[in-house]
Amino acid sequence: METLLVEKNGPISTIWLNRPDVRNAFNENVIEELTHIFSSLPEDPDTRVVILAGKGKVFSAGADLNWMRSMVNADQATNYQDSRKLADLLELIRTCPQVTVARVQGAALGGGMGLASVCDIVVAEEQAKFGFTEVKLGLIPAVISSFVIAKVGASWARRYFVTGELFTGSRAQQMGLVHELVTTEHLDETVQTMANNALLGGPSAIAESKKLLERVTATAPGDLLKDTAEWIAKIRISEEGQEGTAAFLEKRQAKWNPPS
Ligand code: COA
């Protein structure tokens with residue numbers, strides 16, 4: 001890997017964006033390497049939590065503007081294929097069966113917001129800055145828009161997409177993008193706590209919950225009565241459902257729990 005560092009600690013993998021000199025801006029190589037890793041995760045039962053992080057001062061400054069500029073002479077079809085790779089990557093991360101945690105320090109801007117918004121849990125340091133700065137560069141937050149709006153809603157997106165202004169971690173938390181806002185010294189410890197918490201759930205139950213969220217958030221509650229009842233009917237007789245309930249009733253750890 002040229003642009004990423006991967007650290008494995010048992011069932012927890014940390015993927016570091018590793019271009020600190022350009023504040024972890026991402027170009028086609030970063031997208032390709034992330035795509036390679038996230039494509040393999042559905043077939044990787046040993047990994048249960050994925051932490052997405054950035055080396056250096058900043059989580060991610062979004063799209064690499066040198067890369068974007070270099071596409072000026074490419075035709076529309078090539079520009080489309082190039083942009084589509086980021087869209088496909090964000091969808092891959094969003095639908096990853098493992099629990100994903102974004103660790104945000106310094107800033108998350110533009111596409112960096114896209115990366116954070118497709119993670120299940122976002123932990124940020126208090127002084128981190130956030131923004132959809134695209135309009136200030138004469139661009140638009142196109143590829144990330146659907147992912148961001150699904151996370152924070154159209155109202156906040158509307159405000160910040162049109163102004164491109166930077167905003168604070170507490171505003172990002174108010175929007176629902178950031179879940180835990182902590183001092184710098186507590187950043188790693190909080191990320192670790194989130195990861196450890198995620199190890200207490202049954203891996204299949206977590207993957208199914210993520211699919212359930214997908215189904216439920218796209219449809220009105222009244223249209224889901226049959227589906228959700230069928231879903232739990234299937235899960236409660238599954239091996240994991242039986243093991244988890246038995247473990248609780250027998251006052252023991254479920255077999256997927258890390259040894260204490
Ligand atoms: N693409 C390419 N290079 C970038 C970049 C990006 N998105 N963001 C930062 N860089 C580069 C800078 O050009 C600079 O390069 P240099 O050392 O050759 O001059 C280097 O990273 C450091 O940037 P700098 O602005 O000095 O760092 P900082 O720590 O003071 O500020 C940011 C960090 C992220 C706040 C600031 O770099 C920034 O606002 N970047 C633009 C982010 C943006 O608008 N992204 C949206 C893209 S659609």
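The model shown is predicted, which means the values in this text are computed figures rather than measured ones. All ligand and atom numbering here is 1-based and tracks the order in the structure.
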Step through the shown structure and confirm whether more than 12 heavy atoms of other residues, nucleotides or ligands are within 6.0 Å of CD on Glu126. yes

Check each N or O atom of ligand 1 against all protein N or O atoms and list the pairs under 3.5 Å, with atom names and distances to 0.1 Å, one per line.
residue, atom, partner, partner atom, Å
ligand 1, 1 (N), Leu65, N, 2.9
ligand 1, 7 (N), Ala61, O, 3.1
ligand 1, 7 (N), Ala63, O, 2.9
ligand 1, 21 (O), Asp21, O, 3.2
ligand 1, 27 (O), Arg23, NE, 3.1
ligand 1, 27 (O), Arg23, NH2, 3.3
ligand 1, 29 (O), Arg23, NE, 2.8
ligand 1, 29 (O), Arg23, NH2, 3.4
ligand 1, 29 (O), Lys57, NZ, 3.3
ligand 1, 44 (O), Thr133, OG1, 2.7
ligand 1, 45 (N), Ala61, O, 2.8

Among residues two or more places apart or on two chains, list those pairs meeting salt bridge (Lys or Arg N to Asp or Glu O under 4.0 Å) that have a residue in residues 83-103. Arg84-Asp88, Glu91-Arg94, Arg94-Glu214, Arg103-Asp188

Can you list every pair that meets salt bridge (Lys or Arg N to Asp or Glu O under 4.0 Å) and has a residue in residues 17-28, with sequence neighbours left out? Arg19-Asp64

Neighbour count above 12 (heavy atom, 6.0 Å) for Arg158 CZ: no

Under the 4.5 Å side-chain heavy-atom rule for ILVMFWY, direct or indirect, which residues accompany Val101? Ile12, Val49, Ile51, Val99, Ile121, Val123, Val182, Leu187, Val191, Met194, Leu199, Ile206

SB check Lys226 Glu230 (cutoff 4.0 Å): yes

